[in-house]
> 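I am attaching a structure below and will ask some questions about it afterwards.
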Amino acid sequence: VQLQASGGGLVQAGGSLRLSCAASGRTLSGYSMGWFRQAPGKEREFVAAISRSGASTYYTDSQKGRFAISRDNANAMVYLQMNSLKPEDTAVYYCAGTTRGVGARPYEYEYWGQGTLVTVSS
């Protein structure tokens, strides 16, 4: 499956952005999906994940209540709605897919999009 992330940009603290991930090449419903992010000089870190059907979602404590992951298998899209953004959310955001169950480690995902930059100004 090929993944293409979009929707990043510059936003003020407290603002919102919705990231999109378009999948092509294979049926999206066969993949658990995740969002990761990587800030300059830091390791890639888990943000959120969603099961194949969309019935289960997972977040880190710092994103819980602010971010929401969703998917539209019919249109092969995955979304990350980000609210109440903080400067520390600034990073390149990546969508990723795996044929295995949902995971929170980058190595658990076989397929990666190219990333979209989110910059949150204070």
Side-chain angles (χ1 to χ4, degrees):
V1 66
Q2 291 79 47
L3 303 174
Q4 177 92 19
S6 62
L10 174 63
V11 63
Q12 288 189 329
S16 299
L17 278 176
R18 188 176 82 154
L19 305 184
S20 299
C21 178
S24 60
R26 295 289 179 92
T27 302
L28 186 63
S29 59
Y31 299 84
S32 302
M33 298 296 295
W35 285 95
F36 291 77
R37 68 186 184 187
Q38 189 165 18
K42 295 189 176 181
E43 293 187 352
R44 194 166 297 189
E45 65 174 4
F46 173 75
V47 174
I50 188 166
S51 61
R52 292 182 184 84
S53 67
S56 299
T57 56
Y58 306 86
Y59 305 92
T60 63
D61 287 342
S62 63
Q63 280 91 43
K64 204 172 293 183
R66 297 193 300 126
F67 291 7
I69 188 171
S70 60
R71 65 191 296 161
D72 178 353
N73 285 339
N75 291 300
M77 296 293 295
V78 180
Y79 303 100
L80 183 68
Q81 178 67 42
M82 305 187 295
N83 300 322
S84 302
L85 282 162
K86 305 174 182 179
E88 51 264 43
D89 294 318
T90 295
V92 177
Y93 284 71
Y94 299 89
C95 62
T98 178
T99 55
R100 299 185 287 264
V102 169
R105 301 288 188 267
Y107 67 79
E108 295 178 289
Y109 290 78
E110 304 101 285
Y111 305 96
W112 291 84
Q114 85 290 359
T116 185
L117 177 62
V118 172
T119 303
V120 184
S121 63
S122 57

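Residues take their numbers from the sequence shown, with the count starting at 1.
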> Let me see the working for Arg37 and Val118 under side chain to side chain contact (heavy atoms under 4.5 Å, CB included), right down to the final yes or no.
CA-CA 9 Å; Arg37 68 186 184 187; Val118 172; over 6 Å; no
> Heavy atoms, side chains only, cut-off 4.5 Å: are Trp35 and Val78 in contact?
yes
> Side chains of Tyr31 and Thr99, heavy atoms from C-beta outward: is any pair under 4.5 Å?
yes
> How close do Leu117 and Ala91 get, heavy atom to heavy atom, and via which atoms?
CD1-O, 3.6 Å
> Under a plain distance cut-off of 3.5 Å, with no hydrogens placed, do Thr27 and Ser29 share a side-chain donor-acceptor pair?
no
> Salt bridge or not for Lys64 and Asp61, using N-O below 4.0 Å?
yes
> Which value, rounded to the nearest 0.5 Å, describes the distance between Ser62 atom OG and Lys86 atom NZ?
7.5 Å
> Can you check whether Leu28 reaches Arg71 side chain to side chain, under 4.5 Å on heavy atoms?
yes
> For Arg52 and Arg100, work out which heavy atoms get closest and say how close.
NH2-O, 3.3 Å
> Which heavy atom of Thr116 sits nearest a heavy atom of Gly7, and at what distance?
OG1-N, 3.9 Å
> Looking at Ser122 and Pro87, what are the two nearest heavy atoms and their distance?
CB-CG, 3.8 Å
> According to a 4.5 Å side-chain heavy-atom criterion applied to Ile, Leu, Val, Met, Phe, Trp and Tyr, with indirect links allowed, do Val47 and Val102 form part of one hydrophobic cluster?
no
> Examine Tyr94 and Leu17 and state if one hydrophobic cluster contains both, with Ile, Leu, Val, Met, Phe, Trp and Tyr joined whenever side-chain heavy atoms are less than 4.5 Å apart.
no
> For the residue pair Ser16 and Gln81, establish whether any side-chain heavy-atom pair is separated by less than 4.5 Å.
yes
> Are any non-hydrogen side-chain atoms of Tyr58 and Phe46 less than 4.5 angstrom apart?
yes
> If you define the side chain from C-beta out and look only at heavy atoms, does anything of Ile69 sit under 4.5 Å from Tyr59?
yes
> Using side-chain heavy atoms (C-beta onward) and a distance below 4.5 Å, is Glu45 in contact with Thr60?
no
> Is there a path of hydrophobic side-chain contacts, each under 4.5 Å between heavy atoms, that joins Trp112 and Val92?
yes
> Looking at every heavy atom in both Met77 and Ser20, which two are closest together, and how far apart are they?
CE-CB, 3.7 Å
> Count the heavy atoms belonging to other residues, nucleotides or ligands that lie under 6.0 Å from CZ of Arg105, then report whether that count exceeds 12.
no
> Between CG of Asn73 and OG of Ser53, what distance do you get to the nearest 0.5 Å?
8.0 Å
> Indicate if Tyr109 and Leu80 have the same hydrophobic cluster label, given that clusters are the connected sets of ILVMFWY residues with side-chain heavy-atom separations under 4.5 angstrom.
no
> Could you tell me if the side chain of Met82 sits less than 4.5 Å from the side chain of Val11, heavy atoms only?
no
> If Ile, Leu, Val, Met, Phe, Trp and Tyr residues are connected whenever their side-chain heavy atoms lie under 4.5 Å apart, and connections chain through other members, are Phe67 and Ile50 in the same group?
yes
> Will you find, in the side chains of Glu110 and Thr98, an N or O donor that is under 3.5 Å from an N or O acceptor?
yes
> Over all heavy atoms of both residues, which pair between Gly8 and Leu19 is shortest? Give the atoms and the distance, please.
N-CD2, 3.6 Å
> Cation over ring, Arg44 on Phe36, under 6.0 Å and within 45°?
no
